[in-house]
Amino acid sequence: MKDNELASSAIQNGDPTPLGATLKQEGCNFAIYAPNANSVMLCLFNSDTEEAIAECPLPEKTGDVWHGFVPSILAGQYYGYRVEAKDNSLHDFSTDKLLIDPYAKKLSRPLQWDERRYKHDSQFMMPKGVVLSEQELTSPRTTSAPIGKHKRIIYEAHVKGLTKQHPDVPAEHRGKFLGAAHPSVIAHIKQLGVTTVQFMPVNAFMPEPFITDKGLTNYWGYNPINFFAPEPRYGVKNALDEAKQMVAAYHEAGLEVILDVVYNHTAEAGHGRPILSFKGLCPYNAYLLETTDKKETVYSNHSGCGNTINTSDPFMMGMILDAMRFWVSTVGIDGFRFDLAVALGREPQEYTKTSGLLRAISQDPTLKDKVLLAEPWDIGPNGYQVGNFPSPWLEVNDKYRDTVRAFWRSDDGVTADFATRLMGSRDLFHKGQRHISTSVNNITYHDGFTLHDMVTYSERHNLDNLEDNRDGHGHNLSHNYGIEGETTDMEIIQLRERQKRNLFATLIFSQGTPHILGGDELSRTQNGNNNAYCQDNPLSWFNWTLNKRKQDFLSFCQYAVRLRQTSSLLSELKLDDDHFTLGRNVSQINWFKPDGSDKASEDWNAKHNKAFGVEIKGCATAHSSVEHWFLCVNASDNDVRFHLPTLSKSGGWTLHLDTRYASLDDQPSICIQKVFLQANRSLALFSFSETRP
């Protein structure tokens, strides 16, 4: 459309559905949900300069949807809205605020907070929605090969951090979707042996004003402004098209892609904060509200970010479902990890696992068979809901994280709980009700220490965040083993490396779904910062330069993952008393003390008892030999003489992995019949091999 070509008289009534900007042969239909409006102004902008070329009121309203059809509009047209509101009681609001269409599938540029521009006329600060062609929205997508629940290993990554310093990625693609799709990056992920990449948020977001004013930024992206549009920061020329290319490249490599999505709050925050989209269009519908003791209506804040999305509202529920379908059907992703997922089940304030949104997802033909992973808590009333999401949802298990950290730190009294976590946390995800893969086990996550920092720092070191080291979690269950931070003391370095191997091996050999923080396999450090959300710099980016110690640890990680993936028992136990499935693959599980005797109840409760073994014997099948494993752990400061189970058959126990050895080249391949001297703070894995005449 040429400048000034549009006149109000040219706009036709159009249709109320579908919401958003829908391009047709003769022009474009615009429809937007705005129950709080007296009038809605459609604003069109030049795609080169973003100067306004036309403003006109939408001529028709059907219920709470305002709509109009504009002839001659072409793909690539920039647009936004201004609204005259009925009710300004929640905030000061006027038509000088340009609003993003919640259904925009593409934005013209990133949104960066600029208080001066926002106050003058937010048009100059705000990105514009972009009208897309039908081909851009319906282009064929690739699909990933099916991955069994028990085979899934999740690798959490950040599009920018993964590639910003990768030497093989072209400079113009570093930190972008195209960089993440580079063959060298994908090859590394494949060689690690994981199956599924969980990308941190790639929806359009805005860094918070309070960190922008400090000269920092929101690196992680958990501050959305739109649930459809890919973040323009990660695009070179076309973020939507390049996001599709990235997903297709991962599918071609046999990898799943799941997205971390934030449906619990938006960047508009609370009272007095920016009006970017929902606040100007439908604040009473978009957000949960509550009444104070002073009878004031305020935004509920169960997210800690100033507002909480009202996911029980019909419009917001429908929009979230539409956004999920868009990412699956148009971009091709394989599932979602939901940030502060309790918000999805609040109706409106209390959580229920039978909420309308959770039920809608479970029956939706496009969504119900996708990976659905909940972070099962928020900070609202009854916000801790671990174990209380419906099957087949997966859940992040913080009890696993804390127990495994404490056990290997050699804390007293956690051995029994450690054994429970090792076997799939069935106290939380009960047999017969949830699959054994339900527990998503992690040692580290983006919001905390890296694995290397977990064994290098006893305290957080977040001064770079400019909050006087008050931010970030204070209960890290970490240890520096003698010196805070990096050191040249080889004894401390060797112990730290062994603890990294212990933690990683425990993660891989635990029942459930392993979750690896991307970069841990490279010994990535954040210099003790456990809340690097605002650090968009080398502190957060992967360092791909490896010395021998780092390369040895990477090789160890790859080997441990291969061991799990080649075993049916190490990845999925099917027990006689678990009626969730009919199949069985376990004939015996036996627990032992180091002296070879059975581990009795009182032994589990002995607070100084930090060593035990578990024997897992499979069932005979017509298709494979019987698997037979023995895993022994010793979190104490002393070496332990382990008496391995004595078997009547001839044969012996073959050592597959011993974390005392820094390099796989140094680990002996030995067959032991009875006694194994296990080093302090180490883990060892054996399989039994029968000697045949």
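Values below: every heavy atom of this structure, side chains too, minus hydrogens, waters and symmetry copies.
Using a 4.5 Å heavy-atom cutoff, the side chains of Ile147 and Val371 are not in contact. Inter-residue side-chain proximity for Tyr219 and Gln535 is flagged as unmet; no heavy-atom pair is nearer than 4.5 Å. Within the 4.5 Å cutoff, the side chain of Arg346 has no heavy atoms near those of the Ser300 side chain. Ile32 places none of its side-chain heavy atoms less than 4.5 Å from the side chain of Val83. Here the side chains of Pro207 and Tyr533 are not in contact, with every heavy-atom distance at 4.5 Å or above. Looking at Leu373 and Ile154, their side chains come closer than 4.5 Å, going by heavy atoms from C-beta outward. Using a 4.5 Å heavy-atom threshold, the side chains of Glu115 and Pro209 count as separate. Side-chain contact between Tyr78 and Val130: present, with at least one pair of heavy atoms (C-beta onward) separated by less than 4.5 Å.
Counting only residues at least two apart or on different chains, the salt bridge (charged side-chain N to carboxylate O under 4.0 Å, His left out) pairs with a member in residues 217-238 are Glu231-Arg233. The list of salt bridge (charged side-chain N to carboxylate O under 4.0 Å, His left out) pairs with a residue in residues 22-47, not counting sequence neighbours, reads Asp15-Lys24. Applying the ring-ring contact (aromatic ring centres under 6.0 Å, His included) rule to pairs touching residues 248-268 yields Phe199-Tyr250, Phe227-Tyr263, sequence neighbours excluded. Annotation: salt bridge (charged side-chain N to carboxylate O under 4.0 Å, His left out) contacts involving residues 154-164, sequence neighbours excluded, comprise Lys160-Asp536. Sorted by first and then second residue, the ring-ring contact (aromatic ring centres under 6.0 Å, His included) pairs involving residues 18-43 (not counting sequence neighbours) are Phe30-Tyr79, Tyr33-Phe315.
Neither side chain, Asn223 nor Asn218, offers a donor N or O lying under 3.5 Å from an acceptor on the other. Remark: the Thr266 side chain and the Tyr287 side chain contain an N/O donor-acceptor pair separated by less than 3.5 Å. A donor atom on one side chain and an acceptor atom on the other are found under 3.5 Å apart for Thr62 and His67.
Heavy atoms of other residues, nucleotides or ligands lying less than 6.0 angstrom from CD of Gln112 number more than 12. Heavy atoms from other residues, nucleotides or ligands lying under 6.0 Å from CD of Glu51 number 12 at most.
The pair Glu242-Lys176 does not count as a salt bridge, with every side-chain nitrogen at least 4.0 angstrom from each carboxylate oxygen.
With sequence neighbours excluded, the residues that form a salt bridge (Lys or Arg N to Asp or Glu O under 4.0 Å) with Asp364 are Arg325. For Asp114, the side-chain hydrogen bond (donor to acceptor under 3.5 Å, both in side chains) criterion is met by no residue, not counting sequence neighbours. Every residue two or more places apart in sequence or in another chain was checked for a side-chain hydrogen bond (donor to acceptor under 3.5 Å, both in side chains) with Glu60, and none qualifies. The side-chain hydrogen bond (donor to acceptor under 3.5 Å, both in side chains) test applied to Arg337 returns Asp260, Asp339, Glu375, Tyr445, not counting sequence neighbours. For Arg174, there are no salt bridge (Lys or Arg N to Asp or Glu O under 4.0 Å) partners, not counting sequence neighbours. Taking His182 as the reference, nothing meets the side-chain hydrogen bond (donor to acceptor under 3.5 Å, both in side chains) condition, with sequence neighbours excluded. Legend: residues meeting salt bridge (Lys or Arg N to Asp or Glu O under 4.0 Å) with Asp334, ordered by chain and number and at least two apart, are absent.
Of the possible donor and acceptor atoms, none in the side chain of Arg273 sits under 3.5 Å from a partner among the backbone N and O of Glu268. Of the possible polar contacts, none joining the Lys106 side chain to the Ala104 backbone as a donor-acceptor pair under 3.5 Å is found. Side-chain atoms of Trp393 do not come within 3.5 Å of backbone N or O of Ala374 as any donor-acceptor pair. A distance-only check finds no donor-acceptor pair linking the side chain of Thr308 to the backbone of Leu288 [under 3.5 Å]. Side-chain N or O atoms of Arg109 include one that pairs as donor or acceptor with a backbone N or O of Met126 at under 3.5 Å. Panel note: side chain Thr311, backbone Ala343; a donor-acceptor pair is recorded below 3.5 Å. Panel note: side chain Ser108, backbone Lys128; a donor-acceptor pair is recorded below 3.5 Å. Proximity of a side-chain donor or acceptor of Glu395 to a complementary backbone N or O of Phe389 within less than 3.5 Å is detected. Using a distance-only test at 3.5 Å, with no hydrogens or angles considered, no donor-acceptor pair links the side chain of His302 to the main chain of Val342. Side chain of Thr163 to backbone of His166: no donor-acceptor contact under 3.5 angstrom is found.
One finds the CG atom of Asn29 at 10.0 Å from the CD atom of Gln12 (value rounded to the nearest 0.5 Å). Considering CD1 of Ile333 and CD1 of Ile258, their distance stands at 8.5 Å, rounded to 0.5 Å. Expressed to the nearest 0.5 Å, how far OH of Tyr284 lies from NZ of Lys279 amounts to 12.0 Å. From Leu99, atom CG reaches atom CD of Gln123 across 12.5 Å, with rounding to the nearest 0.5 Å. To the nearest 0.5 Å, atoms CG (Leu466) and CG (Asp213) are separated by 12.0 Å. Atom CG of Leu42 sits about 5.5 Å away from atom OH of Tyr81, to the nearest 0.5 Å.
Annotation: cation-pi pair Lys97/Tyr118 present, NZ/CZ under 6.0 Å from the ring centroid and within 45° of its normal.
Here the closest heavy-atom approach between residue Pro348 and residue Asn310 is recorded as CB-OD1, 4.2 Å. Shown here for Val185 and Leu162, the closest heavy-atom pair between the two residues is CG1-CD2, 3.6 Å. Taking each heavy atom of Tyr299 and Pro283 in turn, the nearest pair found is OH-CB, 4.3 Å. Between Pro102 and Asn226, the closest heavy-atom pair is O-ND2, 3.3 Å. In terms of heavy-atom proximity, Ser47 sits nearest to Gly76 at CB-O, 4.0 Å. Of all non-hydrogen atoms in Asp101 and Ala21, the two that sit nearest each other are OD2-N, 4.0 Å.
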Next on the checklist: One pair to check against salt bridge (charged side-chain N to carboxylate O under 4.0 Å, His left out): Arg152 and Glu256. What are the steps and the verdict?
Outcome noted: CA-CA 9 Å; Arg152 184 172 288 119; Glu256 289 181 322; 2.8 Å; yes

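In this structure, His446 has its ring center closer than 6.0 angstrom to the ring center of Tyr222.
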